Amino acid sequence: MHENLVIVESPAKAKTIEKFLGKDYLVTSSMGHIRDLEKKDFGIDMENNYEPKYVVSPDKKKIVTELKKLAKEAKTVWIASDEDREGEAIAWHLKETLKLKPEKTKRIVFHEITKDAILRAIENPRPIDDNLVNAQQARRVLDRIVGFEVSPVLWKKVKPSLSAGRVQSVAVRLIVEREREIISFKSKSSFRVTAVFLVPDLDGNTVELKAELKRRFETKEEAEAFLEKCNTAEFNIADIVKKPSKRTPAAPFTTSTLQQEASRKLGFSVSQTMSVAQRLYEAGKITYMRTDSVNLSSLAINTAKSQIISSLGEKYHKVRQYKTNSKGAQEAHEAIRPTYIDKESVSGSNQEKKLYELIWKRTIASQMADAELERTTININISNSQETFQATGEIIVFDGFLRVYMESTDLEDDNVGATVSGTILPPVKLNQQLRADLIEATQRFTQKPPRYTEASLVKKLEEQGIGRPSTYAPIITTVQNRGYVVKEERPGVEREYLQFSLKNNELKKAVKTEITGAEKNKLFPTDVGMVVNDFLIKYFDQIMDLSFTANVEIEFDEVADGKRVWNEVIDEFYQPFHQHVENALEVSERTNGERILGDDPKTGKPVSVKIGRFGPLAQLGETTDEGEKPQFASLRSGQHLETITLEEALDLFKLPRDLGEYEDKKVTVAIGRFGPYVRHDNKFVSLEKGVDDPYTVQLDRAIELIEAKREKDRKALIKTFDEEPDLRILNGRWGPYVSYKKKNYKIAKGTEAEKLTLEDCKKIIEEGPKPKRGKKK
DNA sequence: CAGTGAGCGAGCTTCCGCTTGACTT
């Protein structure tokens, strides 16, 4: 029996704190929120001032029972949830749910988990801040109202099971709008001129000096004419300018910046980063990983200092205090940093090691001196032209924090060429004559806006104050689970470009090709995502506004400051909002993103595309009074409502093709989810990739494929039983298994499959397989 | 696991933020 019960939010935190407090204190955790709005019946009493109806969350029932018991036994209950809006609400819910008596309940807060900070907190308890709690209730109720009033509109007007929300709908909007920018983007080309000059270095060897023309030419005529001029020109150095510059380290990691850097440097997905970080946190190796604070504790700053000074020396160290400036930050925690900064690496999985190292470097670098650089710019005159070549180089005078860590950027590295930073230029003098070895004019194209990656979407959301550190990863999953967004790889297309080159007094023109627009792990909107987005913007423009969250946050802050009453804030929002809901239900047509593509030249029937029950489809013809029915065909992966052409849509109706008959049964060819296939006797055989074309393949080839498949299946068949024709023992990719009525059953390792009897097989079927997890219908 | 695109229409779907397991292959 303990005198004192301390309740924090996470078990890992509880473990650490218990060590500081000694045996009079039992420290336990609530695992976050313990109550939430009732899920059925809206969970809000709309007739009674938006009174929330709270229930203990199903997965927290056990915890609540346990906490009740412990609270009863303790003399004093210390509620130590985070010092932000959500944390304060957790404290209040705990007080209410556990029915804690005010005289034995104390609310405490601390921002860093050190013995001093915690003891100080114990000495300075305070009452629960009702204003802050009310701000959280306003936030919670608003989100419920938006989500649960708008989603049903979508079920009626677009498709069942869809969803809308303050955060997810804006996230989808960002991706949809970026996609449209890319679709409508017209790239312009210009000619970039680069030159390689040959100069002697200090040892008399010939080295290259690479330079780029300051101006780009718009037309190929200009570019060609310029190169012709260069053929007879002389080049000399007009000036050499050296400029010092410096670079400053980035702030320590927050959730969002950690996700971005782990994505850029380690190729981690956002959720991967979080689960690896969670393991490091639970092992006590890093501080809490869901934070928007860049603040380091004084202890951390001091350890970093001695670490830097002892390994690199005094001049590499600089104390820096960082301040958070992102919208909506609530700063309940420290930045993400190693718990013990003197530990450069940790044991664990490869991923854990890599992520830890990244966090360690970022933390150390944040307390290091600026890097000092010197940038040199050399201008090169052309005797018969006003144009100038420019060569730039950059040397590091003092590496400072770069010794440890350098932040990456999202920019695609397209400008590889003469102006690479970090390059050292060869020694040259003013007025020195240069010999040109090669001058090239290369056609370059303006870049489409980049698609979002998971991490760059998180960055954008954070900048707008949308979402919280604990929700960035779930947001990304939600929009994908709802089918609004897909993360994909898409192949690029070949593009031709011109290149003029001048070498040895010879001007050559070449047409070259490059691959452009290839994407990997980028976020694309689906057709449903686009249709839903347009519908929401049309009827709920307020919710869809990028600054909606920021606007309501201002009001929540006023509630937190005691300047406004939370139900009034909600009411002010709800009255006009609900009108929009009513209006949308009344006015809007069923929306399916229909687009008329034109008429089929053969039949004159109209061709259109829209979203159907099973996804996007193309339609040929219309339902008429004479009983004529239209033809339908699903769009294929890679085809989209907004971009499909009439020709592509017409192609869809060419399949399935009838090839004829084989063994008195029809042979048809079509394209399915796994590519082109031949269908015969209700069996499917894939066409061979790169060999067969579903539009031209003939019956004899199809038969060949069917026979090959049969031969393969025969080889896979180990045993059948006459009494039970549905039951077969087969040899699959992972060894032998039992197949019965379209379900497969694992055979335990080590058993000889050939010797299994019918009884053995039936036993196997009874025992397995366990029902699959997840809510698959 | 590749087809389907309507029809009787039951009963269901859905939000954001705070936390950690319990699940397979």
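Nothing here was measured: the structure is a model prediction, and the numbers come from that model. So that the names make sense, note that chain A is the first sequence line, chain B the second, and so on, each numbered from 1.
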Proximity to the side chain of [X] - top-ranked nucleotide from [options]:
X        : options                : answer
A/Phe148 : B/dC15, B/dG21, B/dG5  : B/dC15
A/Arg679 : B/dT14, B/dG17, B/dG3  : B/dG3
A/Ser161 : B/dT13, B/dT4, B/dC18  : B/dT13
A/Ser10  : B/dG17, B/dT20, B/dT14 : B/dT20
A/Val167 : B/dT20, B/dC16, B/dG5  : B/dC16
A/Arg482 : B/dC16, B/dT14, B/dG17 : B/dT14
A/Arg144 : B/dC15, B/dT19, B/dG17 : B/dC15
A/Glu9   : B/dT19, B/dG5, B/dT20  : B/dT19
A/Glu282 : B/dG5, B/dT19, B/dT20  : B/dT20

Inspect the contact between [Y] and [X] and indicate whether a charged nitrogen and a carboxylate oxygen are less than 4.0 angstrom apart.
X        : Y        : value
A/Lys53  : A/Asp45  : no
A/Arg139 : A/Glu553 : no
A/Asp143 : A/Arg166 : yes
A/Arg107 : A/Glu88  : yes

A/Phe684 aromatic ring stacked with six-membered ring of B/dA2, 5.5 Å and 30°
yes
Less than 5.5 Å between centroids and less than 30° between ring planes, does A/Trp155 satisfy that with B/dT13?
yes
Select base, sugar-phosphate, or nothing to describe what [X] touches, counting heavy atoms under 4.0 Å on all strands.
X        : answer
A/Ala89  : nothing
A/Phe42  : nothing
A/Leu162 : sugar-phosphate
A/Glu149 : nothing
A/Gly615 : base
A/Asp59  : nothing
A/Ser634 : base
A/Pro474 : nothing
A/Gly32  : base
A/Arg166 : sugar-phosphate

For [X] and [Y], which I'm curious about, is there any donor-acceptor pair between the side chains at under 3.5 Å?
X        : Y        : answer
A/Glu334 : A/His111 : no
A/Glu648 : A/Gln639 : no
A/Ser57  : A/Asp59  : no

[X] [atom1] to [N] [atom2], straight-line distance once rounded to whole Å:
X        : N      : atom1 : atom2 : answer
A/Lys39  : B/dG11 : NZ    : P     : 19 Å
A/Lys60  : B/dG17 : NZ    : P     : 16 Å
A/Met274 : B/dG21 : CE    : P     : 15 Å
A/Glu88  : B/dG17 : CD    : P     : 18 Å
A/Leu461 : B/dC16 : CG    : C1'   : 13 Å
A/Glu622 : B/dG5  : CD    : P     : 18 Å
A/Lys156 : B/dC12 : NZ    : P     : 15 Å
A/Ile475 : B/dC18 : CD1   : P     : 10 Å

Counting only distance, no hydrogens or angles, is the base of [N] paired donor-acceptor with the side chain of [X] under 3.5 Å?
X        : N      : result
A/Ser163 : B/dT14 : no
A/Arg290 : B/dC18 : no
A/Arg139 : B/dC16 : yes

Does [X] place a side-chain N or O at less than 4.0 Å from the phosphate oxygens OP1/OP2 of [N]?
X        : N      : answer
A/Arg85  : B/dC18 : no
A/Gln168 : B/dC15 : yes
A/Thr471 : B/dC16 : no
A/Tyr677 : B/dC1  : no
A/Ser151 : B/dT13 : no
A/Gln619 : B/dG5  : no

Of A/Lys629 and A/Tyr281, the one whose closest nucleotide on DNA chain B sits nearer the 5' end is A/Lys629
Of A/Gly87 and A/Gly147, the one whose nearest nucleotide on DNA chain B sits closer to the 5' end is A/Gly147
Testing A/Gln137, A/His33, A/Glu38 for side-chain hydrogen bond (donor to acceptor under 3.5 Å, both in side chains) with A/Tyr54, which one passes?
A/Gln137
